[in-house]
2 protein chains.
Amino acid sequence: MTRPEDRSRRRPKIADVAATAGVSTATVSRALSNPGLVGEATRARVMDAVEVTGYRINSAARDLRQRRARSLLILAPNLSNTFFGTIFAAIQKVAGEAGLAVQISDSRLESSRLATLGHDGRTDAIVLLDGALDPEIVNGWRLPLVQLCEWNEDYDAPAITIDNAAAARLAVDHLAQLGHRRIVHVEGPPDNVLAIHRRAGAQAGATARGLELTLLPGDFTMESGETAARRWAAMTPRPTAVFCASDECAFGFIAECAAMGLAVPADVSVVGFDDVDFAGRFLPALTTVHQPRAEIGRIGAERLLAALEGGRPLGPRAEPVPTRLVVRASTAAPPTTSPRPKQ
Amino acid sequence: MTRPEDRSRRRPKIADVAATAGVSTATVSRALSNPGLVGEATRARVMDAVEVTGYRINSAARDLRQRRARSLLILAPNLSNTFFGTIFAAIQKVAGEAGLAVQISDSRLESSRLATLGHDGRTDAIVLLDGALDPEIVNGWRLPLVQLCEWNEDYDAPAITIDNAAAARLAVDHLAQLGHRRIVHVEGPPDNVLAIHRRAGAQAGATARGLELTLLPGDFTMESGETAARRWAAMTPRPTAVFCASDECAFGFIAECAAMGLAVPADVSVVGFDDVDFAGRFLPALTTVHQPRAEIGRIGAERLLAALEGGRPLGPRAEPVPTRLVVRASTAAPPTTSPRPKQ
DNA sequence: CTGAAAGCGCTTACAG
DNA sequence: CTGAAAGCGCTTACAG
């Protein structure tokens with residue numbers, strides 16, 4: 001199967017095909033990219049020559065000539081974060097089908113390197129998963145750009161997001177319906193836009209339902225959930241339910257409860273936010289607000305492609321992507337007796 | 001801060017800088033990429049002109065001229081798999097510092113599209129995370145290529161992996177030391193190289209320790225772990241420990257035990273394989289074999305860079321990356337009494 | 001130390 | 001329908 005002579009032959013270019021077919025490079029180019037412009041017989045000769053030479057187009061050369069990169073850049077603060085994997089996959093699917101490459105980079109670079117990424121002629125459009133970059137740099141890129149999940153008002157670009165406040169209300173409503181009257185909200189980082197909206201939604205929901213809501217600080221991490229669990233356990237009376245601003249935080253909260261000998265949901269109901277891949281596999285499986293990450297990624301990529309193809313601007317902020325609460329095993333009615341003491 | 005005139009100005013090119021500085025484009029090019037070749041005063045004039053015009057190099061043009069892409073392509077069977085995130089991050093870190101872009105693509109494309117990826121002049125080297133691609137396609141790419149974690153003997157490329165058999169022995173040795181005498185191994189997919197090596201290691205370890213080893217089929221998924229748990233529960237006498245070929249499988253095994261009213265590690269000790277991010281957060285935290293994914297990614301990227309810079313070949317298969325067992329809460333000494341019956 | 005010219009591998013008005 | 005020529009924006013022998 002291996003043809004050893006191939007190994008030594010240099011890569012054929014369009015001129016080789018033209019020579020083999022006895023036509024000009026212009027004709028080869030047309031036959032390949034716009035066959036309708038070329039005569040039947042000529043086209044056949046060109047195709048034969050392509051076959052014979054093993055020619056494949058050099059996209060880099062074509063792209064330079066056409067002054068485009070056929071490439072999307074995804075910028076995320078932490079490429080290893082499992083939250084982003086699904087989004088990458090969705091974007092790559094849409095982009096790949098349209099013939100665009102997908103480039104990924106960490107967004108937490110020193111500013112000159114970061115700025116360069118949007119200015120080096122190797123990217124047509126940008127997907128931003130980080131709301132904490134310098135707006136001057138972001139707005140300095142003259143490329144179509146969308147923000148996903150998180151956003152920054154100072155970026156001059158539309159954002160594809162859920163309605164985080166409404167989503168948080170879903171969580172609080174669920175707890176209220178189960179019969180909980182006193183609940184805790186473990187917040188995200190104080191200055192984070194998602195955290196602010198989720199807290200606002202939780203507060204609005206609690207007020208509307210006449211619930212007593214206690215705020216505990218957090219930062220989306222598992223550790224902050226553990227800390228919050230200890231604080232919660234020290235409260236008297238103990239709220240019977242907790243709404244954490246992220247799944248990670250909820251995992252930490254539950255793990256610390258287990259360490260303290262308290263059970264979820266028997267002693268306390270816990271709701272998370274995001275519905276990361278792992279939420280359904282946790283023990284107990286986590287009740288949480290689903291962020292449709294695949295859909296957000298798909299919509300973002302499609303809007304970018306539309307802007308690229310149509311030469312149209314991206315348009316304003318999109319309407320929120322619908323979300324929903326996924327009820328699993330970590331929530332239940334409040335204990336009828338007072339919570340069991342620490343054993 | 002926004003300079004509105006910037007918005008309308010077209011992107012400056014090297015000729016604009018040359019005109020502004022009153023030198024040739026060759027001189028601008030040299031001043032930027034090889035300042036030592038240019039006179040002090042000229043260099044200063046060029047730098048001023050760069051500043052004034054806001055020039056940034058067009059990498060696409062430079063790359064075409066230099067006949068390279070300054071880009072690495074990562075191919076993975078499933079971009080959303082959390083297993084790969086850490087590897088992406090490690091590769092991007094190494095590549096980014098060397099000025100290379102990182103492109104990602106799903107490797108499960110129809111073959112013509114897949115083949116094109118390695119032939120379109122937009123990639124200098126390939127990182128392969130999939131051992132199930134057509135060897136003819138893979139070997140047809142005339143680019144430096146490394147396989148990571150998984151490998152295929154038919155690919156003409158080195159693989160950076162752990163010694164899966166030795167790693168599996170670590171797991172079995174641990175269970176033996178805890179006092180387990182009868183253990184189960186839940187296998188991976190029958191034709192998967194990793195599964196084959198892990199099983200062989202488990203068998204060798206069991207033989208060396210004089211343990212009784214029962215094999216149960218699996219395929220690395222959580223569902224297969226659940227199925228295995230039911231099979232295990234039906235065995236008499238029940239083995240007191242299980243070594244699963246993947247963490248996912250172990251999560252499923254444990255979840256199904258919980259559903260059956262059996263506790264880990266009280267009723268059965270469970271060991272996984274991989275040490276995915278979630279392993280330490282599971283309840284109970286999972287004892288597992290650590291696959292150093294960040295290091296594997298780093299080593300792979302570094303070897304590729306070395307081959308690219310030196311023009312040297314990649315060399316043969318690398319020696320295995322060291323691994324270790326991470327002991328957490330899911331393993332303990334076997335129950336002294338016979339296992340509790342299903343309640 | 002600097003410039004004129006060729007060229008990376010394509011595409012695309014412009015003629016005919 | 002086809003070709004000669006220019007050009008995408010750079011870099012790099014080759015001269016001087």
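Below, chains carry the letters A, B, ... as their sequence lines are ordered, and counting in each starts from 1.
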(message) Determine whether a donor-acceptor pair (N or O, by modelled atom type, separation under 3.5 Å) exists between the side chain of A:Thr53 and the backbone of A:Ala49.
(response) yes
(message) Can a donor-acceptor pair be found, under 3.5 Å and without considering hydrogens, that links the side chain of A:Arg122 to the backbone of B:Arg70?
(response) yes
Between [options], spot the one nearest the side chain of [X], thanks.
X: B:Arg30; options: D:dA4, C:dG9, C:dG3; answer: C:dG3
X: A:Thr42; options: C:dT2, D:dG3, D:dT2; answer: D:dT2
X: A:Ser29; options: D:dA4, C:dT11, C:dG9; answer: C:dT11
X: B:Ala26; options: C:dA13, C:dT2, C:dA5; answer: C:dA5

(message) I need the B:Ile74 CD1 to B:Ser107 OG distance, nearest 0.5 Å.
(response) 11.5 Å
(request) Identify, between B:Ala61 and B:Thr27, the residue whose nearest nucleotide on DNA chain D lies closer to the 5' end. (result) B:Ala61
(request) Check if the side chain of A:Arg11 and the base of C:dG9 share a donor-acceptor pair of N or O atoms closer than 3.5 Å. (result) no
(message) When you measure only distances, ignoring hydrogens and angles, does the side chain of B:Arg67 come within 3.5 Å of the base of C:dG7 through a donor and an acceptor?
(response) no
(message) Just to be sure I understand the rule, does A:Ile57 reach a base, reach only the sugar-phosphate, or reach nothing, if contact means heavy atoms closer than 4.0 Å?
(response) sugar-phosphate
(message) Looking at every heavy atom in both A:Pro35 and A:Ala31, which two are closest together, and how far apart are they?
(response) CG-O, 3.5 Å
